[in-house]
Every structure is written in structure tokens, then in C-alpha cells.
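Please read the structure below before turning to the comments.
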Amino acid sequence: MKAFLIISILLSGYFQPNMAPPITKEYLNYSIIKDDKTIGNIRVERSSKDDITEYLFESRAKVKILYSIEIYDKMGVTFKKNILQQAKLYRTMNGKLKVNNTATWNGSFYNLSDKDGTNGFLKQSVFCSTASLYFNEPGNVKSVFSEKFQKMVPIQKIDSKRYRIDLPNGNTTTYTYNSGICTLVEANTDFANLKFVLNKTH
């Protein structure tokens, strides 16, 4: 009987569920609008576990100007203790590789690379990037990391819920928030003025 009790205690301990905190995942889905027509979609995922937060951004859009342009973007960004660890941006246009950027934190600075190879470094810690703006209203943040341009770009508060980024190529992007979540992005790009509108069911 005593042996049975000991075995029962050992087994109950052995089969205890793993008490590690689960990974929490959240999703935001946006419609890409041009001239009141939906031309694509965006899905942004945020997953968190312990002190690591990851963002996965994926978009597809088809724009017709003089000819049809199909754009695919995939962005993966990882933060640890709120410091950017790695940011990757992959972009194709009509199936051809246009952007393949990576920024990797080595503990002192970021090593940068693009589709042609090594692309310098960034000597500062990053706490906010364009990928994280979808889930996080920037508040008093003065600059964010651009995964595309691989540099810090200024962000300006327009009013209580709207913020504008002025990009190095002269384009601007405006973000509108409700309860800390981005509900609208207005992007003035080289080829079109686009709106990313948050779908209510996500």
C-alpha cells in the first residue's frame, strides 16, 4: 500500500502540465483601398511569450496603372524586452524580388543587409518599428525604425489620434488609432495613394 502511494505521488508529479506561460496571438486584418476599390489585404499578427514579442506582416495587392502591378510583402520583426532583435522585409513586384532587408541586433548595434549583401549598421537601440505601429500607438515616440529604408525615420503627432511618418523618398504615411490599435493607414506611395482600413471582424 505504501509503495502504491509513493508511485501515485511520483506519477502525479511526472504528469504535471508544463506551467510555462502560453504564447498569446492576436491578429489584425486590413483591406487595401485605392479609389474606393479594394485591391488587396493585409494581415498583421502579434505573438507574445515571456519577454519576446514577434510581429508578422503579410500583404498582397494588385494595382493597375498603365499596366498591372502585383505586390507581395512579408515582414517579420522580433523584440526582446522591448528592444528590436531582428527585422526582416521581403518584397516582390510581379514575382520579381525587389526588397530583401534584414537588421540584426548583436548587443551593441544592428548589422544591416539587403538583397545585394551587407548594407552597413545602425548604432542605437530600437524600441519601435513600422511593423509594431499597427498594435501600438506611438504616443510621444519621436522616431521609428523603417524596415524598408533600414534607418530611423521621424514620426510626428498630428492630433490626439493621428501620427505622420515622413519617409526619405518624400512619401508620407499617416496612422489613425482607436483604443491604441491602428484603424486606418493612409499611404502616399510612388504609384498610388492607398488606404489600409481595419476590418471590424478580426
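Values reported hereafter were calculated over all heavy atoms of this structure, with side chains retained and with hydrogens, waters and symmetry mates removed. Sequence positions, counted from 1, serve as the residue numbers for this chain.
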So, D114 versus Q150: side-chain donor-acceptor pair below 3.5 Å or not?
-> no

Donor-acceptor side-chain pairing of N199 and S31 below 3.5 angstrom = yes

Parallel, tilted or perpendicular: which describes the rings of Y30 and Y134, with under 30° parallel and over 60° perpendicular?
-> perpendicular

Residue set satisfying ring pair (Phe, Tyr, Trp, His ring centres under 6.0 Å) with F127, at least two apart, ordered chain then number -> none

When L198 is tested against each of I181, V44, L184 for side-chain contact (heavy atoms from CB on, under 4.5 Å), which residue passes?
-> I181

Following the transitive rule for hydrophobic clusters with a side-chain heavy-atom cut-off under 4.5 Å over Ile, Leu, Val, Met, Phe, Trp and Tyr, establish whether V63 and Y72 coincide in one cluster.
-> no

Please check if any side-chain donor atom of T102 sits under 3.5 Å from a side-chain acceptor atom of Q86, or the reverse.
-> no

Could you tell me whether the side chain of L97 reaches within less than 4.5 Å of the side chain of K115, counting heavy atoms only?
-> yes

Hey, what do you get for CZ (F149) to CG (N169), rounding to the nearest 0.5 Å?
-> 3.5 Å

Donor + acceptor pair across side chains of Y163, E137 (<3.5 Å) | yes

With the 4.5 Å side-chain cut-off for hydrophobic clustering, are L56 and L28 part of the same group?
-> no

Value for CG (N188) from CD (E186), rounded to nearest 0.5 Å, stands at 8.0 Å

Once the angle between the rings of F109 and F121 is folded into 0 to 90°, is it parallel (under 30°), tilted (30 to 60°) or perpendicular (over 60°)?
-> tilted

